[in-house]
Protein chains: 2
Amino acid sequence: MTPATVDSPGRPTLEEVARLAGVSRATVSRVINASPKVSPEVQAVVEAAIAELNYVPNRAARSLVARATMSIALVVPEDAHRFFGDPYFADIVQGISDRLDDSDYVLNLQLTHPSSPSEKTRRYLLGGNVDGALVVSHHSGDHFLASIGQSLPVVFGGRPMGAAGTPGRPTDYYVDVDNRLGAVQGTRHLIASGRRAIGTITGPRDMPAALDREQGWRDALLEAGLSDERVAHGDFTEEGGAAAAEELLDRHRDLDAIFVASDLMASGALGILAGRGRSVPADVAVVGYDNSRYATRGPIQLTTVAQPTRQMGIAMADTLLRLLAGEQPQHVQLLPTELILRDSA
Amino acid sequence: MTPATVDSPGRPTLEEVARLAGVSRATVSRVINASPKVSPEVQAVVEAAIAELNYVPNRAARSLVARATMSIALVVPEDAHRFFGDPYFADIVQGISDRLDDSDYVLNLQLTHPSSPSEKTRRYLLGGNVDGALVVSHHSGDHFLASIGQSLPVVFGGRPMGAAGTPGRPTDYYVDVDNRLGAVQGTRHLIASGRRAIGTITGPRDMPAALDREQGWRDALLEAGLSDERVAHGDFTEEGGAAAAEELLDRHRDLDAIFVASDLMASGALGILAGRGRSVPADVAVVGYDNSRYATRGPIQLTTVAQPTRQMGIAMADTLLRLLAGEQPQHVQLLPTELILRDSA
DNA sequence: CTGAAAGCGCTAACAC
DNA sequence: GTGTTAGCGCTTTCAG
């Protein structure tokens with residue numbers, strides 16, 4: 001005795017609607033799918049029957065024959081805390097969600113472990129549960145996700161990495177910003193305002209975005225003839241940012257500026273700086289990255305590199321939808337970054 | 001020409017596996033479903049064929065015959081920012097996700113508007129896309145969600161409200177903590193430490209948890225013969241907590257303690273207190289609620305009422321799974337709260 | 001223990 | 001315009 005069958009007559013089928021309306025199943029199907037070749041009268045009768053029975057088409061059956069599920073997966077290789085803790089994801093999801101609201105597709109969230117999606121995720125993605133997938137926050141260790149694009153339409157948020165740090169394959173689709181350039185913008189600003197001992201707090205080394213930002217910081221420094229030795233690695237969390245700031249301050253007493261690869265980490269760094277009595281920006285200037293709400297939340301308004309995160313989500317969803325519609329969207333879409341000047345630098 | 005059919009031989013079917021293994025489709029099906037009555041040899045042959053073809057069963061087909069989708073919906077009547085901004089949700093989702101990882105079910109996230117789920121969500125839930133639903137953060141204005149339990153197995157996170165503030169129906173399933181009692185614990189602590197002008201910052205008035213916490217604060221005050229006039233309403237966001245704190249301080253100059261209905265709001269309140277030069281806990285003691293990472297993030301460690309949020313997620317998922325398995329779980333599960341003493345009170 | 005056959009609910013030619 | 005006829009890929013009696 002399952003609850004579903006205890007007292008319910010079961011959801012009505014197309015067949016029952018057909019019987020009630022006195023037509024064939026094919027006709028009911030045509031009405032449901034808004035086929036043009038149905039006479040108005042018949043259509044009205046069928047619609048009445050549908051309403052009376054409160055009929056809703058069975059998706060499984062439809063999927064089976066249509067070979068489409070009308071749903072797409074959002075694959076997030078992060079634990080729930082990092083996913084929820086970073087406003088970056090909130091914006092991405094909001095964008096995706098907004099774009100999908102205008103379509104017939106629904107979103108399925110798949111939280112999976114950072115560097116080894118479970119067998120379950122694999123089966124889910126490959127088992128025909130979804131027509132396509134959106135992958136955010138891709139880590140390099142993940143071979144399955146790196147190659148998933150070959151079996152399913154996939155759009156990455158951020159440049160995907162191939163195995164062993166190789167650049168993504170040219171057949172991949174992704175939406176990104178020019179992380180290197182964004183970092184260059186932020187770092188140049190620090191240089192222009194007279195800073196000379198400029199450090200950086202990076203993101204995890206297995207993520208392309210983190211690597212690119214570090215490279216941008218380095219490039220800007222080198223082009224100005226400055227040293228790029230002041231590096232500490234974070235993990236895109238507030239705690240990680242704080243720890244990296246401690247490390248940087250301990251190792252480089254002369255530090256007068258930090259380019260931090262995310263606002264969240266910058267927020268952690270600001271806490272450490274305050275704790276050590278180093279004033280911002282007088283003693284140490286700080287530039288963040290993301291322009292998330294963490295940038296404007298604390299006592300010190302953060303100068304930061306803005307990226308159009310929500311737009312990225314929209315673009316990702318849009319690209320996948322195009323792919324599913326059989327169109328040929330661009331493989332790479334780079335959105336612009338912009339330096340937002342506030343108080344910290 | 002859809003992308004899926006361009007060059008792919010198509011995903012292998014059970015039939016192909018059967019052919020390769022030299023057995024019937026029924027036998028392959030038995031192997032897949034771990035039926036006991038298959039000889040070891042045959043099983044090995046079939047498994048080899050499955051591996052060779054990289055076969056993954058088609059869910060739609062399976063759902064069609066099994067009359068089950070093996071997926072459950074997580075309905076969140078909040079915009080993405082509140083959902084992502086509050087660690088409470090992260091913990092709930094992590095718990096749900098953890099529990100579901102051990103099952104065959106997958107999670108489908110449905111973000112919907114606070115007080116009126118879209119027609120799309122309605123159709124999704126009722127269209128047989130999921131076998132059951134988990135609803136978190138239920139608002140009273142939402143009649144559809146309030147009655148959804150009648151058409152689909154549903155488990156609520158937090159006591160659901162019926163229409164117009166009536167208590168949820170006895171047939172509802174939900175997992176909650178005793179919010180009133182938790183608030184009583186927190187408030188009594190404030191009283192015990194000598195505070196007399198104790199205010200509260202509440203959550204939104206259309207949420208049961210918020211109402212219950214307010215009631216607990218009031219009950220504790222009244223049993224001690226203290227006034228319950230110092231109330232300001234927040235919305236479970238950091239900004240809302242800050243605004244409510246301003247209001248409270250402006251209206252009650254004698255305020256010497258605040259019981260805040262969430263750590264996130266308490267974090268906002270702490271900012272205001274600091275801005276006005278009121279020291280915590282010397283001038284104003286603060287007790288939060290949730291014991292989320294916001295409690296220990298800032299300079300002042302927050303005394304707070306802890307609730308086993310992740311456990312709640314686990315319990316929710318577990319209850320729904322039981323329901324789907326035809327068992328008869330408890331309708332109401334109340335998990336314990338605990339006062340965590342830190343520096344703020 | 002294994003195979004044959006009959007659908008699950010729907011759509012899509014193909015006739016009329 | 002509308003009905004008839006096949007399946008989509010899988011599970012499940014029912015024989016053997």
Side-chain angles (χ1 to χ4, degrees), chain A residues 2 4-5 8-47 49-50 53-70 104 123 126-129 131, chain B residues 2 4-5 8-47 49-50 53-70 104 123 126-129 131:
Chain A
T2 69
T5 52
S8 69
R11 300 221 330 282
T13 70
L14 182 148
E15 163 116 51
E16 299 176 47
V17 174
R19 205 150 42 207
L20 204 172
V23 298
S24 74
R25 296 182 313 177
T27 298
V28 176
S29 181
R30 290 190 184 100
V31 171
I32 292 168
N33 297 292
S35 160
K37 31 194 192 174
V38 177
S39 72
E41 306 85 61
V42 173
Q43 176 168 335
V45 176
V46 173
E47 276 167 354
I50 289 178
L53 261 31
N54 219 300
Y55 169 76
V56 182
N58 177 315
R59 274 252 232 188
R62 186 181 283 197
S63 293
L64 189 56
V65 44
R67 269 96 174 288
T69 62
M70 300 312 283
D104 287 329
R123 292 177 68 87
L126 263 26
N129 294 284
D131 297 337
Chain B
T2 67
T5 53
S8 69
R11 300 217 334 282
T13 70
L14 182 149
E15 163 117 49
E16 300 175 47
V17 174
R19 206 150 40 207
L20 204 171
V23 299
S24 73
R25 298 185 310 177
T27 298
V28 176
S29 180
R30 289 189 185 101
V31 171
I32 292 168
N33 297 292
S35 160
K37 31 193 193 177
V38 177
S39 71
E41 305 85 61
V42 174
Q43 175 169 336
V45 176
V46 173
E47 276 167 354
I50 288 178
L53 260 32
N54 220 299
Y55 167 76
V56 180
N58 178 316
R59 278 257 225 176
R62 186 180 279 194
S63 293
L64 188 56
V65 42
R67 270 93 175 286
T69 62
M70 299 313 283
D104 287 329
R123 290 181 67 87
L126 265 24
N129 293 287
D131 297 337

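Lettering follows sequence order; numbering is per chain, from 1.
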Of B/Ala26 and A/Thr13, the one whose nearest nucleotide on DNA chain C sits closer to the 5' end is B/Ala26

Could you state the atom-to-atom distance from CG of A/Asn58 to C1' of D/dC10 in whole Å?
-> 14 Å

Counting only side-chain N and O atoms of B/Thr27, is one of them less than 4.0 Å from OP1 or OP2 of C/dG3?
-> yes

Do the side chain of B/Arg30 and the base of C/dG3 come within less than 3.5 angstrom through a donor-acceptor pair of N or O atoms?
-> yes

Phosphate contact (C/dG9 OP1 or OP2) by B/Arg67 side-chain N/O below 4.0 Å = yes

Tell me, with the steps shown, if A/Val45 and A/Val23 meet side-chain contact (heavy atoms from CB on, under 4.5 Å).
-> CA-CA 9 Å; A/Val45 176; A/Val23 298; 5.7 Å; no

Which whole-number value in Å describes the distance from B/Glu15 CD to D/dC10 P?
-> 9 Å

Under 4.0 Å between any heavy atoms, over every strand shown, what does A/Ala66 touch: base, sugar-phosphate, or nothing? Just pick one.
-> nothing

Nearest of C/dC10, C/dG3, D/dC8 to any side-chain atom of A/Leu64?
-> D/dC8

When you measure from the side chain of A/Ser24, which nucleotide among D/dT2, D/dG3, C/dT11 comes out closest?
-> D/dG3

Around atom CG of B/Asn33, are there more than 12 heavy atoms of other residues, nucleotides or ligands at under 6.0 Å?
-> yes

Among the nucleotides C/dT11, C/dT2, D/dT2, whichever has the atom closest to the side chain of A/Arg62 is C/dT11

So, is A/Ser39 near the phosphate of D/dT2, with a side-chain N or O under 4.0 Å from OP1 or OP2?
-> yes

Audit row: A/Leu14, A/Ile32, side-chain contact (heavy atoms from CB on, under 4.5 Å) steps and yes/no | CA-CA 10 Å; A/Leu14 182 148; A/Ile32 292 168; 4.0 Å; yes

So which one's nearest nucleotide on DNA chain D is more toward 5', B/Lys37 or B/Val65?
-> B/Val65

So, is A/Arg25 close to the C/dT11 phosphate, meaning a side-chain N or O under 4.0 Å from OP1 or OP2?
-> no

Expressed in angstrom and rounded to an integer, what is the separation of A/Asn33 atom CG from C/dC10 atom P?
-> 11 Å

Measure the spacing between CZ of A/Arg30 and OG1 of A/Thr27 and express it to the nearest 0.5 Å.
-> 5.0 Å

Tell me: CD1 of B/Ile32 to C1' of D/dC10, nearest whole Å?
-> 8 Å

Result of checking A/Val28, A/Leu53, A/Ile50 against A/Leu20 for side-chain contact (heavy atoms from CB on, under 4.5 Å) = A/Leu53

Check the distance between C/dA4's P and B/Leu14's CG and give it to me in whole angstrom.
-> 14 Å

